[in-house]
Each structure stands twice: as structure tokens, then as C-alpha cells.
> 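Right, I'll just put the structure down here and ask away after.
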Amino acid sequence: MLTHYLILQFKLLNRNIRDFGMHPLLAYVLIFGLIAGLGTLIFQRMPNYAPYIIIGICVLLQMRLSQKQRTDFLQIVYGNKTKHLLRITENLIISIPFVVLLLVENQYIAAVALPIASAILAFVDLSSKSIVLPTPFSKSPYEFTVGFRKSFLFILMVYGLSVISVCVNNLNLGLFSLFVLCIICTTYYGKVENEYYVWIFAESPNKYLTHKILTAIKNTFLMVFPMMALLTAFSPDNWWIVLLITAIGMILVIAFLLAAYSTYPPGEIGFLELIFILAVFIPPFVLVVIPYFYVRSINRLKNTLV
Amino acid sequence: MIKIVDLHKSYGSKSVLKGINAEFQSGKTYGIIGENGAGKTTLFRCIAGLERFDGTITSDLQPLKNHLGLLFAEPYFFDKITGEEYIRLLCYARHKKIDNIADKNIFDLPLCQYVTTYSTGMKKKLALLAVLLQGNEYFVLDEPYNGIDINGSIALTEILLKLKDLNKTVIISSHIFSTLSDTCDEILVLRNGIITETVQRADFQKLEDEIKGSRIKDLVNKLGLE
């Protein structure tokens with residue numbers, strides 16, 4: 001029963017990755033690369049806090065599987081005992097790359113603590129009737145409204161990191177936080193919405209995209225502004241670096257947005273993700289792909305918007 | 001007015017709509033009935049412009065989709081969005097400013113809560129309310145009564161009658177015949193991708209009797225229930 005469930009989950013995950021327009025194998029390589037890269041960077045920049053941050057990131061990911069609606073379903077289908085077994089297994093699987101990272105960094109206590117915390121978390125059910133989190137983005141729907149709420153804990157962590165950067169007099173760490181915050185904003189455009197939410201707009205594809213881009217720029221600025229202000233106040237001479245990173249972040253947000261709509265309706269791309277990954281790792285290339293994705297998005301939206 | 005001429009729609013080699021011709025007048029409500037898989041939802045998607053098709057669909061207001069309120073049988077909602085934010089999103093999409101949403105919340109929905117916490121009926125009411133507040137001229141409502149409680153159903157019938165008074169064009173599908181006979185001026189019967197009958201109000205009873213007729217009894221008898 002346990003094996004069957006895990007195989008099913010693996011299949012569902014692969015389907016979701018394919019729907020996103022990426023080959024699963026490529027996605028796994030990227031995820032492991034991201035964890036290894038970010039983890040190493042965190043250990044380099046702030047060795048004292050790194051184990052806590054790594055454990056925190058892992059727990060945040062595991063919490064996504066602890067939603068009450070989901071755990072209730074597991075209980076109804078498999079019964080209480082098997083549900084707990086399943087949840088422990090899921091959490092332990094998620095913790096594997098983080099435990100490996102901690103072991104590589106010689107953080108043995110944290111490497112032991114993480115699986116224990118993961119197993120304990122398997123017994124926690126998070127109610128979906130959570131308090132509605134107010135956002136400053138509600139008036140310009142919807143990506144930032146939803147994204148802000150979904151990534152709230154990550155945002156808190158990144159802002160916490162920026163405050164620490166000021167406390168430990170490390171501007172680079174602050175700039176890194178700023179960049180990560182922009183990357184969080186890009187994830188809000190990681191997937192194109194259901195066709196109904198495109199269809200309802202009484203706008204041409206051109207106006208629709210322009211409107212989306214302007215909203216993305218405005219909301220990204222709203223999101224990063226307090227951090228920009230903090231870092232600029234901390235290091236006034238380096239205001240231009242803060243501005244440059246924000247600008248790069250905004251360009252990435254726009255690139256993500258256009259890349260997503262260039263696959264509309266989702267599930268038909270092959271080489272696009274490769275172009276996009278290239279663009280992310282070779283920043284100037286982003287400026288080249290943005291017009292390409294824009295034209296492609298317009299063509300894709302023409303079927304739905306008049 | 002919406003006019004459909006020789007509408008064909010296929011998915012691969014499977015032909016779903018095989019030459020639909022119909023005209024939907026302003027100030028009238030039309031019911032579409034048909035068995036599951038008859039093509040009702042596909043027809044609605046074609047009217048909304050969500051599907052490519054052969055044939056023509058015209059309307060007196062252009063483009064049709066920008067004046068159309070579309071309610072799906074199973075509306076889709078985002079996670080972490082409140083009822084009020086959902087209504088604002090739909091109105092915003094049509095450049096419709098909306099004030100005092102609370103006053104317009106005739107279904108007493110908990111608009112400040114996430115939609116994911118709503119029951120099926122509440123979600124349907126929310127989707128319907130948002131479509132109504134968009135200020136559309138045409139309405140295509142796929143199974144609007146499904147999942148709605150008795151009070152909600154009564155209110156919905158009143159809303160449909162009000163839309164007729166306001167000279168709107170309304171097309172609805174329902175598997176509950178009484179909801180159609182209470183609200184519709186005409187009922188179109190969709191079978192195997194074509195409209196086989198257009199029944200006027202005076203003949204609704206006859207149509208209901210036909211539906212309840214021997215065919216269904218025969219099917220039930222096939223179960224061999226003991």
C-alpha cells in the first residue's frame with residue numbers, strides 16, 4: 001500500500017512538472033542543483049545561522065504536505081496508522097537532500113535533528129481554514145495576492161536575512177536577500193492560470209500583457225521597496241548596486257511572466273525551457289528572449305482574447 | 001441576440017457538435033437539455049470563444065465574449081483568494097467598478113474567507129454572483145442549480161426572471177427539469193451533437209412526459225434491482 005501510494009505521488013509530481021512544461025529529469029537536476037548551490041552559498045555567507053536556515057527551508061516545504069484537507073483524505077483512504085506512516089515517509093524523502101547538504105557541511109547534529117523534526121511534523125495537521133492574510137496587492141489581482149500568501153514564510157525569512165545582513169555588517173548578504181526576494185516574485189508567474197481567468201478579460205492580447213507587465217513591475221517594487229530602503233540606508237554609497245539588483249530582478253519577473261504566457265495554454269513546450277534556463281544563467285540573454293517570448297505570448301493569447 | 005449557424009466541433013476524429021443552428025433573442029431565457037456527453041458544455045465553450053470551431057456565431061454586441069457572463073458547471077478557484085477578491089477580479093477584468101460588495105452579497109457568503117473553505121454550493125453561488133456583478137448582456141450558465149440549497153435555488157430563479165425583464169439573453173443547462181420550466185421561454189434538446197427539438201413553453205409538459213417516458217423506465221429495469 002505504501003509503495004503504491006508513493007509511486008502514485010511520484011507519477012503525479014511528474015505530471016505536474018510536465019504540465020509546467022519541463023522534463024521531470026531536468027526539473028530534478030535543477031532542484032538538486034538549486035539546493036546544493038543555495039545551501040553552499042548560505043553556509044559561506046552566514047555559517048552560524050546556515051543550519052537553522054536549511055532546516056527552516058526544509059520544514060516549510062514539508063508543511064505544504066501537512067494541509068488538513070490532504071491529511072484527512074489520507075486518513076479516510078488508508079486509516080490512521082498508515083496515514084502517519086505515509087506522512088513520515090514523505091517528510092523523510094523531502095529531507096534527504098537537506099540532510100546530505102548538512103552532512104557535507106559537517107553539521108552532524110543538525111543532520112540528525114532534521115529527520116527527527118520531519119517525523120514529528122508528520123503528526124501535525126495544518127488547518128486550511130487559516131486566517132486570511134491581508135496583502136497590499138489585493139487591488140491588482142491576482143498573482144501577487146495569492147503568491148504573497150503562499151510564500152509568506154519565505155518572504156519573512158528573506159526579510160529576516162536582510163536584517164541580519166545589516167546587523168553583521170555584510171552588504172553582500174543583504175544583496176543576496178534582495179535577489180532571492182525578486183526570485184520569489186518570479187515564482188508567482190511560474191504557471192499560467194486556468195483559461196477562464198484569461199478569457200474573462202475584455203482586453204486585446206497586447207493590452208492584457210502590457211497590463212500584466214505593469215502590474216508585475218508595480219507589485220515587485222512594492223514587495224522589495226522596504227528591503228531596498230533598508231540596504232540603501234545601511235550602505236548609501238552602494239545605492240546603485242541595490243537599484244541594479246532590483247532592476248535585474250524585475251527583468252527576470254517580466255521574463256518569467258512572458259515565458260509562462262508563451263506556453264499558453266500550458267503543456268506544449270519543448271525547447272523553450274532550455275532557452276529560459278540559458279536566459280536565467282546568462283542575464284544579458286534575458287533581454288534577447290523577452291521580445292521573443294512577448295511575440296510568442298501575443299500569438300498564443302490571440303485564441304482566447306479578442 | 002446570439003445567432004449560431006452550422007456549428008461543427010470535433011476533437012480529433014470525434015465529432016461532438018454536428019451542425020448546430022440556433023438563435024437566442026434578447027429578453028428570453030433558453031434551456032439546453034441533453035444527456036451527459038451530448039455536447040452542452042462544448043456548445044457553451046464555443047459560444048464563449050474558448051474552442052475553435054467551424055461555422056459562425058454572431059451577436060449584436062461585439063466581441064461576444066466581452067459581454068458574456070460564463071458560469072461553468074464546476075467553477076475553478078485559486079488557492080488563497082477570498083470571495084471578495086474573486087468578485088473584484090472578475091469585475092476588474094471587465095473594467096467594472098464595484099462598490100459596496102457587502103450589500104450585493106445576497107447569498108450571505110463569507111466573502112472575507114478563502115474560497116477554498118467554501119462548500120460546493122457556496123462556490124457556485126460565489127461564481128454566479130461574480131458573473132452577475134460583471135454587468136453582462138449575455139449569460140451562459142452551465143448547471144447553475146447544481147449544489148445550491150433551496151433558498152439559493154429560489155433566489156436563482158428570481159434572478160433569471162429579473163434578467164429576462166432586463167432584456168438580457170440567457171442560456172442555461174440543467175438536469176432538473178422544473179428549474180427550466182420555471183424560467184425558460186424555449187428548451188432546446190441536444191442529442192448526439194445536434195439540436196433535435198426546440199420546444200416552446202406550451203409544450204414543456206409534453207417534453208417532460210417524454211423524458212420521464214418508457215425509455216428511462218426500461219433503463220432502470222435493466223439494473224435488475226431486487
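Chain letters run A, B, ... following the sequence lines, proteins first and then strands; every chain starts at 1.
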> Side chain from CB out, backbone as N, CA, C, O: work out which of these in F148(A) comes under 4.5 Å of a heavy atom of chain B, or both, or neither.
neither
> For the backbone of W199(A) and the side chain of K65(B), can you confirm whether one donor and one acceptor N or O come within less than 3.5 Å of each other?
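Yes, the answer is positive, given that a donor and an acceptor are paired below the 3.5 Å cut-off.
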> Below 4.5 Å, heavy atoms only, C-beta onward: do R45(B) and E195(A) meet side chain to side chain?
yes
> Taking everything shown except E23(B) itself, do over 12 heavy atoms lie less than 6.0 Å from its CD?
yes
> Just how far is it from atom OG1 of T145(A) to atom OH of Y86(B), taken to the nearest 0.5 Å?
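Output value for this atom pair is 15.0 Å.
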> Find the distance between OG1 (T135(A)) and CD1 (I81(B)) and round it off to the nearest 0.5 Å.
10.0 Å
> If you count the non-hydrogen atoms of other residues, nucleotides and ligands that lie under 6.0 Å from CG in L156(A), is the total more than 12?
yes
> How would you list all residue pairs meeting salt bridge (charged side-chain N to carboxylate O under 4.0 Å, His left out) that involve residues 176-190 of chain B, not counting sequence neighbours?
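Of all non-adjacent pairs touching residues 176-190 of chain B, those that pass salt bridge (charged side-chain N to carboxylate O under 4.0 Å, His left out) are K164(B)-D185(B).
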> Looking at F73(A), I want to see if its CZ is surrounded by more than 12 non-hydrogen atoms of other residues, nucleotides or ligands under 6.0 Å.
no
> Quick check on F77(B) against chain A: is it the side chain, the backbone, both or neither that has a heavy atom closer than 4.5 Å?
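Its backbone and side chain both get close to chain A.
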> Could you tell me whether K207(A) atom NZ has more than 12 heavy atoms of other residues or ligands within 6.0 Å of it?
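Counting neighbours around NZ of K207(A), 12 or fewer heavy atoms of other residues, nucleotides or ligands fall under 6.0 Å, so no.
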> Looking only at atom types and distance, does a side-chain atom of Y196(A) sit under 3.5 Å from a main-chain N or O of L71(B), one as donor and one as acceptor?
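No, Y196(A) side chain to L71(B) backbone: no donor-acceptor pair under 3.5 Å.
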> Closer than 4.0 angstrom, basic N to acidic O: yes or no for R149(A) and E85(B)?
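So R149(A) pairs with E85(B) through a salt bridge.
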> Measuring from atom CD1 of I200(A) to atom CG of L70(B), what distance do you get when rounded to the nearest 0.5 angstrom?
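Answer for the CD1-CG pair, I200(A) versus L70(B), is 10.5 Å.
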> Out of Q62(B), R94(B), E84(B), return the one with the most heavy atom pairs under 4.5 angstrom to chain A.
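It is R94(B).
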> May I ask you to test the L133(A)-Y114(B) pair for a side-chain heavy-atom distance under 4.5 Å?
yes
> Which label fits F78(B) and Y142(A): parallel for a plane angle under 30°, tilted from 30 to 60°, or perpendicular past 60°?
parallel
> Can you tell me how far apart CZ (F201(A)) and NE2 (H95(B)) are? Round to the nearest 0.5 Å.
8.5 Å
> Can you tell me if OH on Y118(B) sees more than 12 non-hydrogen neighbours from other groups inside 6.0 Å?
yes
> For the CZ atom on F123(A), are there more than 12 heavy atoms of other groups (residues, nucleotides or ligands in this structure) within a distance under 6.0 Å?
yes
> Would you say that more than 12 heavy atoms from the other residues, nucleotides or ligands in this model lie under 6.0 Å from the CG of N192(B), or not?
no
